[in-house]
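Let me begin by presenting the structure, written as structure tokens, before commenting on it.
Residue numbers start from 1 in every chain, and the chains themselves are labelled A, B, ... in the order their sequence lines are given, proteins ahead of strands. All of these numbers come straight from a predicted model, not from anything done at the bench.
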Amino acid sequence: MLDSVTHSTFLPNASFCDPLMSWTDLFSNEEYYPAFEHQTACDSYWTSVHPEYWTKRHVWEWLQFCCDQYKLDANCISFCHFNISGLQLCSMTQEEFIEAAGICGEYLYFILQNIRTQGYSFFNDAEETKATIKDYADTSCLKTSGIKSQDCHSHSRTSLQSSHLWEFVRDLLLSPDENCGILEWEDREQGIFRVVKSEALAKMWGQRKKNDRMTYEKLSRALRYYYKTGILERVDRRLVYKFGKNAHGWQEDKL
DNA sequence: CGCCATTTTCCTGGTT
DNA sequence: AAACCAGGAAAATGGC
């Protein structure tokens, strides 16, 4: 397998991940998308493969990692522009990165080029890496505080790193690759959707939160709390929910 | 450490 | 009867 070939080359220090690992480490869990066994079974974590050999999934994992690690606003990133293989990613120019992710694209481009030239040892020291990124930002006349969605609002589509349940649900609805028929739009324009596989949804959410005791009963309780805050609106049908006025990022024409 | 929002856990009771 | 729904209550969690 690819893994066995590239692992030693690009993971010179197996412990380098530790200071960097946070929520992203669960993506290294091969059970993360149980419905994608055919894919995950032979798909290792992005750090064990050279960027040029990344699958779409690796690219996705890398993006999530970058968002998490460097506090990039995921709303800046146009997911559809990054639904590509590692080879395609590596062939993107800096301009194309900016096109796809606004100001965040510059960071992503910079990080990717460093991985390509230095391998993953680039991440050996988390603080050093952050400092390097910061230096890069400063020399590029960019301000960390400037990496906000208003700088690249036109590219927002799916939040790649959603810490909230409703965002997780939204992103699943917007990502057919990961959805696997777990969720389904009932009325796309009105934001009405149905939970098709309640157990699978709970399991997926549980994996995201590293909680193997998650059930749909408990997940649905959390969803019901959203009625109060206007994130969701009640729909008088079993397993059917509707995005409320305080939910954003789900509308097709507002990307 | 405290505050706060969110989520988890548990529960009682009702509905499909 | 199994699977959901409605919320109250309280604990856990994580960010600031």
Side-chain angles (χ1 to χ4, degrees), chain A residues 17-29 31-35 63-77 104 107 126-127 129-131 133-134 143-150 156 158-175 178-187 190-250:
Chain A
C17 287
D18 291 350
L20 295 170
M21 280 301 187
S22 54
W23 64 271
T24 42
D25 60 353
L26 79 101
F27 284 91
S28 63
N29 181 346
E31 287 183 315
Y32 186 67
Y33 293 126
L63 282 172
Q64 303 229 34
F65 169 84
C66 291
C67 288
D68 182 47
Q69 201 57 42
Y70 305 114
K71 305 287 179 245
L72 303 183
D73 187 341
N75 289 320
C76 290
I77 299 166
C104 298
Y107 285 79
E127 291 312 311
T129 307
K130 278 181 178 171
I133 298 277
K134 193 175 178 303
K143 289 266 192 312
T144 307
S145 59
I147 313 175
K148 295 296 174 196
S149 46
Q150 59 260 35
S156 108
T158 65
S159 171
L160 297 169
Q161 175 212 336
S162 36
S163 53
H164 291 155
L165 174 59
W166 74 271
E167 293 169 307
F168 168 78
V169 167
R170 176 198 64 188
D171 296 346
L172 210 48
L173 274 161
L174 264 35
S175 316
E178 282 73 37
N179 191 327
C180 284
I182 289 173
L183 295 170
E184 217 169 68
W185 286 110
E186 190 111 296
D187 187 322
Q190 291 196 66
I192 301 172
F193 61 92
R194 186 173 63 251
V195 178
V196 182
K197 302 174 186 172
S198 58
E199 250 179 77
L201 179 67
K203 191 173 179 185
M204 218 157 169
W205 174 239
Q207 285 174 214
R208 167 67 62 97
K209 297 290 291 290
K210 293 184 182 173
N211 176 359
D212 52 10
R213 299 172 308 283
M214 183 48 59
T215 64
Y216 179 71
E217 276 287 294
K218 291 187 278 193
L219 185 152
S220 63
R221 179 67 189 96
L223 289 179
R224 288 195 292 275
Y225 270 125
Y226 286 137
Y227 295 149
K228 241 196 300 209
T229 52
I231 298 288
L232 292 179
E233 285 173 24
R234 186 166 291 132
V235 174
D236 196 27
R237 266 179 295 152
R238 282 190 141 203
L239 298 166
V240 179
Y241 300 85
K242 178 184 192 299
F243 286 119
K245 54 180 69 72
N246 292 327
H248 58 265
W250 57 269

Measure the [atom1]-[atom2] distance between [X] and [Y] for me, rounded to the nearest 0.5 Å.
{"X": "A:E167", "Y": "A:L174", "atom1": "CD", "atom2": "CG", "result": "12.0 Å"}
{"X": "A:L173", "Y": "A:I182", "atom1": "CG", "atom2": "CD1", "result": "10.5 Å"}
{"X": "A:E186", "Y": "A:E184", "atom1": "CD", "atom2": "CD", "result": "8.0 Å"}
{"X": "A:W185", "Y": "A:W250", "atom1": "CH2", "atom2": "CH2", "result": "6.0 Å"}
{"X": "A:T215", "Y": "A:K203", "atom1": "OG1", "atom2": "NZ", "result": "14.0 Å"}

[atom1] of [X] versus [atom2] of [N]: gap in Å, rounded?
{"X": "A:L223", "N": "B:dT8", "atom1": "CG", "atom2": "P", "answer": "10 Å"}
{"X": "A:K197", "N": "C:dC4", "atom1": "NZ", "atom2": "P", "answer": "14 Å"}
{"X": "A:Y225", "N": "B:dT8", "atom1": "OH", "atom2": "P", "answer": "12 Å"}
{"X": "A:F168", "N": "B:dT8", "atom1": "CZ", "atom2": "P", "answer": "10 Å"}
{"X": "A:R194", "N": "C:dC5", "atom1": "CZ", "atom2": "P", "answer": "12 Å"}
{"X": "A:I231", "N": "B:dT7", "atom1": "CD1", "atom2": "C1'", "answer": "14 Å"}
{"X": "A:L165", "N": "C:dT13", "atom1": "CG", "atom2": "C1'", "answer": "15 Å"}
{"X": "A:R208", "N": "B:dT8", "atom1": "CZ", "atom2": "C1'", "answer": "17 Å"}

So, does [X] get its side chain near the phosphate of [N], meaning an N or O under 4.0 Å from OP1 or OP2?
{"X": "A:N211", "N": "B:dT9", "value": "yes"}
{"X": "A:W205", "N": "B:dT8", "value": "yes"}
{"X": "A:S198", "N": "C:dA3", "value": "no"}
{"X": "A:Y226", "N": "B:dT6", "value": "no"}
{"X": "A:K209", "N": "B:dT7", "value": "no"}
{"X": "A:Y216", "N": "C:dC5", "value": "yes"}
{"X": "A:K218", "N": "B:dT9", "value": "yes"}
{"X": "A:R213", "N": "B:dT8", "value": "no"}
{"X": "A:Y227", "N": "C:dG7", "value": "no"}

Sugar-phosphate only, base, or nothing, as touched by A:L219 at under 4.0 Å among non-hydrogen atoms: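 Counting heavy atoms under 4.0 Å across all strands, no contact is made by A:L219.
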What residue among A:R208, A:Q207, A:M214 forms side-chain contact (heavy atoms from CB on, under 4.5 Å) with A:N211?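 Testing A:N211 for a side-chain contact (heavy atoms from CB on, under 4.5 Å) against A:R208, A:Q207, A:M214 leaves exactly one candidate, A:M214.
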As a test of understanding, state which of A:V195, A:L201, A:V196 forms a side-chain contact (heavy atoms from CB on, under 4.5 Å) with A:S198.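 The option that passes is A:V195.
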Measuring only between side-chain heavy atoms, which start at C-beta, is A:R224 closer than 4.5 Å to A:R221?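 The answer is yes, as the side chains (C-beta and beyond) meet within the 4.5 Å cut-off.
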Could you list the donor-acceptor pairs under 3.5 angstrom formed by side chains in residues 239-249 of chain A, with sequence neighbours left out?
| unit_1 | atom_1 | unit_2 | atom_2 | d |
| --- | --- | --- | --- | --- |
| A:Y241 | OH | A:Y216 | OH | 2.7 |
| A:K242 | NZ | A:Q190 | O | 3.3 |
| A:N246 | ND2 | A:T229 | O | 2.7 |

Quick one: closest heavy-atom pair of A:W166 and A:Y226, and the distance?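 Result for this residue pair: N-OH, 3.1 Å.
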A:A202 versus A:L219, closest heavy-atom pair with distance: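 Distance-wise, the nearest heavy atoms are CA-CD1, 3.8 Å.
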Using heavy-atom distances to pick each residue's nearest nucleotide on DNA chain C, tell me which of A:E199 and A:R234 is more 5'.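 That would be A:E199.
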Enter the inter-axis angle for the ends of the helix from B:dG2-C:dC16 to B:dT16-C:dA2 (five pairs per end, rounded to 10°).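 Result, rounded to 10 degrees: 30°.
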Using a cutoff of under 3.5 Å, can you pull out all pairs of nitrogen or oxygen atoms linking the protein to nucleotides 14-16 of chain C, with atom names and distances?
none

List the residues meeting side chain to side chain donor-acceptor pair (under 3.5 Å) with A:Y227, not counting sequence neighbours, and say none if there are none.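 A:Y227: no side chain to side chain donor-acceptor pair (under 3.5 Å) contacts found.
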By side chain to side chain donor-acceptor pair (under 3.5 Å), which residues pair with A:R234, not counting sequence neighbours?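 Partners of A:R234 under the side chain to side chain donor-acceptor pair (under 3.5 Å) test: none.
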Nearest nucleotide by nearest heavy atom, which residue falls closer to the 5' end of DNA chain B, A:T215 or A:T229?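 Looking at the nearest nucleotide for each, A:T229 comes out on the 5' side.
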When you compare the protein's N or O atoms with those of nucleotides 11-16 of chain B, which come within less than 3.5 Å of each other, and at what distance?
| unit_1 | atom_1 | unit_2 | atom_2 | d |
| --- | --- | --- | --- | --- |
| B:dT16 | O2 | A:R238 | NH2 | 3.2 |

